[in-house]
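Inspection log for the structure reproduced underneath, given as structure tokens.
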Amino acid sequence: MENINSIIEERLNKGVKLKEKGVNLYPAGYHIDLTVDKIIQRFEKLDKESLEKETASFQIAGRVMARRDFGKASFINIKDNKAQIQVYLRKDKVGEENFQTFKLMDIGDFIGIKGSLFRTRTDELTILAEDLTLLSKSLRPLPEKWHGLTDVETRYRQRYVDLIVNDDVKDLFIIRSKIIQALRTFFIEKDFLEVETPMMHAIPGGATARPFKTYHNALSMDLYLRVAPELYLKRLVVGGLEKVFEINRNFRNEGISIKHNPEFTMLEFYMAYATYEDLMKLTEELFSYILKHTVNTSTITYQGTQIDFSTPWDRQTLFDSIRKMANPPEEIFLDRDAAYAFAKKKDINVNENEIHGKILTNLFDHLVEPHLTNPTFITGYPTEVSPLSRSNDQDPAITDRFELFIGGREIANAFTELNDPVDQRQRFESQVALREAGDKEAQFMDTDYLRALEYGMPPTAGEGIGIDRLVMLLTNAPSIRDVILFPHMRPQ
RNA sequence: GGGCCGUUAGCUCAGCAGGUAGAGCAGCGGACUUUUAAUCCGUUGGUCGUGAGUUCGAUUCUCGCACGGCCCA
């Protein structure tokens with residue numbers, strides 16, 4: 001601590017000296033004629049001679065990233081939003097006053113430069129400064145210039161420093177933004193309406209997950225941060241908004257891991273008159289669209305594994321996928337105790353009083369999911385683990401539902417919505433019974449949602465896509481923390 | 001929640017079979033008007049994550065705790 005203070009002290013002293021010279025350390029604004037990337041774009045192709053004819057001077061601004069001082073001259077690298085360029089400062093060109101000011105500046109400071117372009121002996125496109133302005137004094141040293149910042153803890157806690165020095169991090173978040181933009185455009189072009197539904201719920205619903213609890217003082221009531229927007233989006237479908245989507249945060253009060261952050265971004269969309277089978281096609285189309293508008297390829301490599309997005313994607317029922325990977329006795333699909341015994345045999349940890357459907361999905365999670373590398377739709381989820389899905393007409397024990405797996409991870413969950421209010425009430429009742437039996441993830445009875453269904457919801461299909469995991473895939477990020485700007489951390 | 005690993009200068013890292021620490025970059029002073037990891041000379045900077053134990057003596061060994069990473073639940 002002593003040392004960082006001495007560095008800050010040194011810089012504060014320079015600030016005092018600058019002020020004595022009449023320099024404002026934090027002036028308001030600066031007129032920029034061109035951004036660095038525009039300069040490079042426009043002048044990169046010009047050689048030494050053509051550049052010499054370009055006498056126009058302009059103003060640029062950015063952060064000083066490096067400096068190489070000579071007695072009466074200096075080279076600095078300036079970085080702005082998108083690019084970096086070298087600036088050559090000569091005492092005889094900028095004048096005595098400016099050069100003194102410059103001498104009191106540090107790496108990390110923001111600077112405005114007025115100058116014109118030339119090429120150095122080594123042919124590097126460089127700005128010859130005529131004038132300079134201190135735009136913001138930096139008091140803390142940046143990480144070292146060639147190893148940069150690698151400590152993951154500091155990178156997550158001080159993302160601003162990470163972004164300053166690690167260009168690949170900035171690039172990743174630019175891709176993230178493009179992915180979300182592409183999703184939005186895709187749905188808007190298909191005539192979906194983007195909506196915002198409550199983040200604070202009196203009754204948390206729409207997913208089997210534990211919620212965060214908060215308290216509203218004026219109303220003297222508990223509120224929960226939403227675990228999913230599902231029940232509100234479907235209320236909108238009841239209201240006649242037949243195609244809606246929302247891209248926003250969900251909050252789940254669960255463990256933190258390489259694939260879980262307490263708050264994460266989810267896309268949910270609902271489409272009246274569609275079925276889950278329609279959504280499989282739509283999902284393939286959606287991914288093609290995103291790939292085309294971001295990474296522009298149909299095959300990606302994620303953590304060393306090739307993933308081929310070529311359509312149509314593989315479709316398997318949950319039961320068939322377990323049959324294929326684990327070759328279990330057939331009774332496990334019919335008999336809860338047989339499934340439990342099989343799970344034990346396979347060393348899979350299941351609660352003693354776990355319901356049949358949950359045991360089967362546990363089996364799937366361990367035996368099948370990690371192997372689903374290329375995009376795969378898994379269908380036929382048991383009704384008892386799908387409290388909001390329409391049950392299948394041929395086999396009411398399963399639902400009209402799929403989950404999408406890519407790279408061994410769940411990416412999307414979709415189903416034909418349960419719009420029968422009588423059936424939905426019974427499903428809620430089963431959930432409440434599970435909750436009373438100790439299942440903290442079981443869902444709550446939501447009578448207003450039932451009331452909405454009682455007014456009539458058209459046949460509808462809906463889907464949720466985990467945006468963070470999608471971004472991980474497309475940016476080859478090993479951890480969800482790499483794709484969230486400010487991931488959750490314990491206080492230091 | 002469990003297991004393994006890590007935490008040393010602003011950053012990236014050495015080191016210590018136990019005798020209170022080094023390098024490079026950054027910083028500071030000096031030389032230097034086409035460098036780009038500029039160069040050359042000199043130099044400052046550390047409660048070695050934290051608390052306890054063992055010891056004449058702990059950054060080093062032991063245990064607890066905190067934070068982080070990976071794996072498992």
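As the structure is a computational prediction, the values presented were derived from the model and not from experiment.
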Rounded to whole angstrom units, what separation is found between the NZ atom of A:Lys91 and the C1' atom of B:A31? 14 Å
Reckon A:Lys72 touches a base, only the sugar-phosphate, or nothing at all at heavy-atom distances under 4.0 Å? base
Contact class for A:Lys48 vs. all strands (heavy atom < 4.0 Å): base, sugar-phosphate, or nothing? nothing
When you measure from the side-chain N and O atoms of A:Lys145 to the phosphate of B:A26, is any distance below 4.0 Å, counting only OP1 and OP2? yes
Answer yes or no: side-chain N or O of A:Asp92 and base N or O of B:U33 forming a donor-acceptor pair under 3.5 Å. yes
Rounded off to whole Å, could you give me the CD-to-P distance for the A:Glu9 and B:A26 pair? 22 Å
With rounding to the closest Å, how many angstrom separate the P atoms on B:U8 and B:U60? 14 Å
Go along nucleotides 67-73 of chain B 5' to 3' and tag each nucleotide: B for a protein heavy atom under 4.0 Å from its base, S when only backbone or sugar atoms are that close, - otherwise. SSSSS-S
Between A:Phe75 and B:U35, do the rings stack, that is, sit under 5.5 Å apart with planes less than 30° off each other? yes
Applying the salt bridge (Lys or Arg N to Asp or Glu O under 4.0 Å) criterion to A:Asp109, which one of A:Arg67, A:Lys137, A:Arg140 satisfies it? A:Lys137
Kindly assign one of parallel, tilted or perpendicular to the pair A:Tyr88 and A:Phe75, based on the angle between their ring planes and the thresholds 30° and 60°. parallel
Starting the side chain at C-beta, find the nucleotide from B:C11, B:A26, B:C28 nearest to A:Leu149. B:C11
Interatomic distance at P, B:G1 relative to B:G19, whole Å: 38 Å
How close or far is atom C1' of B:A23 from atom NE2 of A:His147, stated in whole angstroms? 11 Å
A:Asn13 atom CG is separated from B:G27 atom P, nearest whole Å, by 16 Å
Re B:G6: Watson-Crick or G-U wobble partner, both distances kept under 3.5 Å, found to be B:C67
Suppose you measure atom P in B:C28 against the same atom in B:G69; what distance do you get, rounded to whole Å? 34 Å
Would you sort out whether A:Lys79 and A:Asp167 count as a salt bridge (Lys or Arg N to Asp or Glu O under 4.0 Å), showing the intermediate values? CA-CA 11 Å; A:Lys79 186 181 195 176; A:Asp167 284 339; 2.8 Å; yes
Does this structure show an ion pair linking A:Glu130 with A:Lys93, if we count only N-O contacts that are shorter than 4.0 Å? no
Using the C1' atom as the reference point in each nucleotide, state the distance between B:C16 and B:U59 in Å, no decimals. 8 Å
Atom CZ of A:Arg67 to atom P of B:C25: distance rounded to whole Å? 17 Å
Indicate yes or no: does A:Glu330 engage A:Arg323 in a salt bridge with an N to O separation below 4.0 Å. yes
base_contact_polar (B:U35 base, A:Thr120 side chain, donor-acceptor, <3.5 Å): yes
Considering Watson-Crick and G-U wobble pairs with both distances under 3.5 Å, what does B:G18 pair with? none
Could you work out which one of B:C11, B:C13, B:U33 sits closest to the side chain of A:Glu144? B:C11
Check: A:Arg68 side chain, B:U35 base, donor-acceptor under 3.5 Å: yes
Is the ring pair A:Phe287/A:Phe309 parallel, tilted or perpendicular, if the boundaries are 30 and 60 degrees? parallel
Taking atom C1' of B:A38 as reference, at what distance in whole Å does atom CD1 of A:Ile107 sit? 13 Å
Quiz question: by atom type and distance under 3.5 Å, do the side chains of A:Asp314 and A:Gln316 form a donor-acceptor pair? yes
Can you tell me if A:Lys21 has over 12 outside heavy atoms packed within less than 6.0 Å of its NZ? yes
Using the P atom as the point on both nucleotides, what is the distance between B:C41 and B:C48, in whole Å? 32 Å
So which one's nearest nucleotide on RNA chain B is more toward 5', A:Thr126 or A:Arg11? A:Arg11
Now, which nucleotide makes the Watson-Crick or G-U wobble pair with B:C61, with each of the two distances under 3.5 Å? B:G53
Locate the shortest heavy-atom distance separating A:His371 from A:Met325; write the atom from each residue and the value. CD2-CE, 3.4 Å
Please determine, for the side chain of A:Ala73, which listed nucleotide (B:U33, B:G24, B:G27) has the closest atom? B:U33
Interatomic distance at P, B:C56 relative to B:G18, whole Å: 15 Å
Tell me the interatomic distance from A:Leu142, atom CG, to B:G27, atom C1', rounded to whole angstroms. 13 Å
For B:C28, which nucleotide in any strand shown is its Watson-Crick or wobble partner with both distances under 3.5 Å? B:G42
The nucleotide from B:G27, B:U34, B:U12 with an atom nearest the side chain of A:Phe118 is B:U34
